[in-house]
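In what follows, a structure is listed as structure tokens, so that the remarks can point back to it.
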2 protein chains.
Amino acid sequence: METTWADRLRAAGLRVTRPRLSVLDVLAEHPHADADAIVTGARELHPSLSPQAVYGVLKALVATGLARRIEPAGAPALFELRVGDNHHHLVCRSCGAVADVDCAVGAVACLTPSDTAGFVVDEAEVVFWGLCRDCRAVAPAEAAQVPEQDNRGGVRA
Amino acid sequence: METTWADRLRAAGLRVTRPRLSVLDVLAEHPHADADAIVTGARELHPSLSPQAVYGVLKALVATGLARRIEPAGAPALFELRVGDNHHHLVCRSCGAVADVDCAVGAVACLTPSDTAGFVVDEAEVVFWGLCRDCRAVAPAEAAQVPEQDNRGGVRA
DNA sequence: CCGTTTTCTTGATTCAGTCAAATCAAGGAC
DNA sequence: GTCCTTGATTTGACTGAATCAAGAAAACGG
């Protein structure tokens with residue numbers, strides 16, 4: 001990695017602090033971590049780190065575009081460092097695992113709703129819901145009737 | 001409307017109760033109401049209605065497929081009665097207004113991510129973010145730099 | 001090394017939503 | 001029509017994510 005996290009923080013007009021580097025480190029290792037996981041992970045590098053500090057750091061990172069916040073329905077917010085590359089997400093209904101997926105073929109069509117109802121659209125967010133490989137393996141029978149999580153609606157395949 | 005709400009409740013195996021009819025009434029009038037708005041609205045028809053009752057009713061409606069729950073990032077959950085017609089949503093970053101949008105041309109492509117990473121996808125959820133007509137009119141200057149809500153990331157148009 | 005400014009810490013608070021026990025009503029049986 | 005069983009609602013306490021505020025600490029330009 002040529003540009004260090006410290007460089008990127010400075011470039012974004014943020015001071016380089018230990019909590020911020022710790023959080024960035026955790027995010028680099030766990031690309032879709034929630035605030036709690038980040039606190040736990042970052043404490044290995046900076047034991048005195050408080051949850052509020054993490055929230056503050058994440059807010060700063062998101063505000064400056066270094067990180068992105070994603071909020072899957074029914075789960076705490078997740079944070080990721082992949083920004084500006086137009087990717088979407090696969091979310092497992094069972095375990096909540098998240099995987100990145102590059103813009104699908106035909107994605108451009110997604111950006112042009114048939115009727116914008118007067119809205120000026122600046123972003124299209126796509127979330128694919130399903131079961132990850134592990135959860136399929138663990139509970140293939142329950143796959144048809146996902147427990148506690150049906151009827152989120154939307155486009156059915 | 002030929003089939004009444006009472007009929008639909010019975011068809012779904014649910015008892016016909018005043019709280020449920022009140023909630024359905026409010027949802028019919030406000031197609032994207034949050035729990036709080038539903039409580040307020042339903043109390044005009046049934047003053048003693050408690051918030052927990054509304055949560056219970058909504059849970060039952062969602063579980064039986066009579067209603068759908070949508071959870072825009074950063075806002076309380078909304079509920080709607082349009083189910084099973086594969087529509088998506090336009091959400092205003094400024095005021096939170098939600099509008100329905102029928103499946104865009106090319107929507108089928110949305111259901112086929114280029115790489116599913118081992119997931120079995122059963123649903124694709126699409127949310128279009130932008131500014132509604134009213135908010136554009138009120139604050140055309142702030143439109144470029146949306147207050148308190150930037151960097152949600154995703155596909156940029 | 002010092003001072004200013006940003007950032008972090010500590011603690012309290014909000015808000016959406018859930019859980020559990022007790023009461024009450026819907027709708028079938030009689 | 002009345003009783004009874006089951007399911008729904010009420011009441012109240014509780015969880016968990018996230019935010020706010022005030023003081024302490026650290027970053028970094030001079």
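By convention in this document, chain letters (A, B, ...) are assigned in the order of the sequence lines, proteins followed by strands, and residues within each chain are numbered from 1.
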Exercise. I would like to know whether B:H88 and A:E125 meet side-chain hydrogen bond (donor to acceptor under 3.5 Å, both in side chains); could you show each step before the answer?
Key: CA-CA 11 Å; B:H88 299 313; A:E125 182 187 359; over 6 Å; no
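Two residues, B:Y55 and B:R15, neighbour DNA chain C, and the one matched to the more 5' nucleotide by heavy-atom proximity is B:Y55. Remark on DNA chain C: of its neighbouring residues B:L78 and B:R10, the 5'-side contact belongs to B:L78, judged by nearest-heavy-atom nucleotide.
Bending across the helix from C:dC1-D:dG30 to C:dC30-D:dG1, expressed as the angle between its end axes from five pairs apiece, amounts to 30° (10° rounding).
Looking only at side-chain heavy atoms (C-beta outward), B:P72 and B:W129 come within less than 4.5 Å of each other. Taking the side chain as every heavy atom from C-beta outward, A:L27 and A:F79 approach each other to under 4.5 Å. Between A:H46 and A:P19, the closest side-chain pair of non-hydrogen atoms falls below 4.5 Å. In this structure, the side chains of B:R69 and B:L58 stay at 4.5 Å or more apart for every pair of heavy atoms. Counting only heavy atoms from C-beta outward, the side chains of A:V57 and A:L61 approach each other to under 4.5 Å.
Rounding to the nearest 0.5 angstrom, the gap separating the CH2 atom in A:W5 from the CG atom in A:L24 is 5.5 Å. A distance of 9.5 Å separates CD of A:E71 from CD of B:E71, quoted to the nearest 0.5 Å.
Counting to the nearest Å, the C1' atom of D:dC28 and the CZ atom of A:R18 are 18 Å from each other. Atom CG of B:L14 and atom P of D:dT6 are 18 Å apart (whole Å).
Annotation: proximity of residues 27-54 of chain A to DNA chain C (heavy atom, distance under 4.0 Å) is found for A:H46, A:S48, A:L49, A:S50, A:Q52, A:A53, numbered in ascending order.
Remark: the B:T4 side chain and the B:D7 side chain contain an N/O donor-acceptor pair separated by less than 3.5 Å.
Mapping heavy-atom proximity under 4.0 Å, the span of DNA chain C touched by chain A runs 5' to 3' from C:dT5 to C:dA12.
B:A77 comes within contact range of the sugar-phosphate backbone alone, with a heavy-atom separation under 4.0 Å but no base atom that close.
In this structure, B:R20 reaches the D:dA8 phosphate: one of its side-chain N or O atoms is under 4.0 Å from OP1 or OP2.
At distances below 3.5 Å, not a single donor-acceptor pair connects side-chain atoms of A:R93 with backbone N or O atoms of A:L131.
Between B:R82 and B:D102 there is a salt bridge, with a side-chain nitrogen of the basic residue lying less than 4.0 Å from a carboxylate oxygen of the acidic one.
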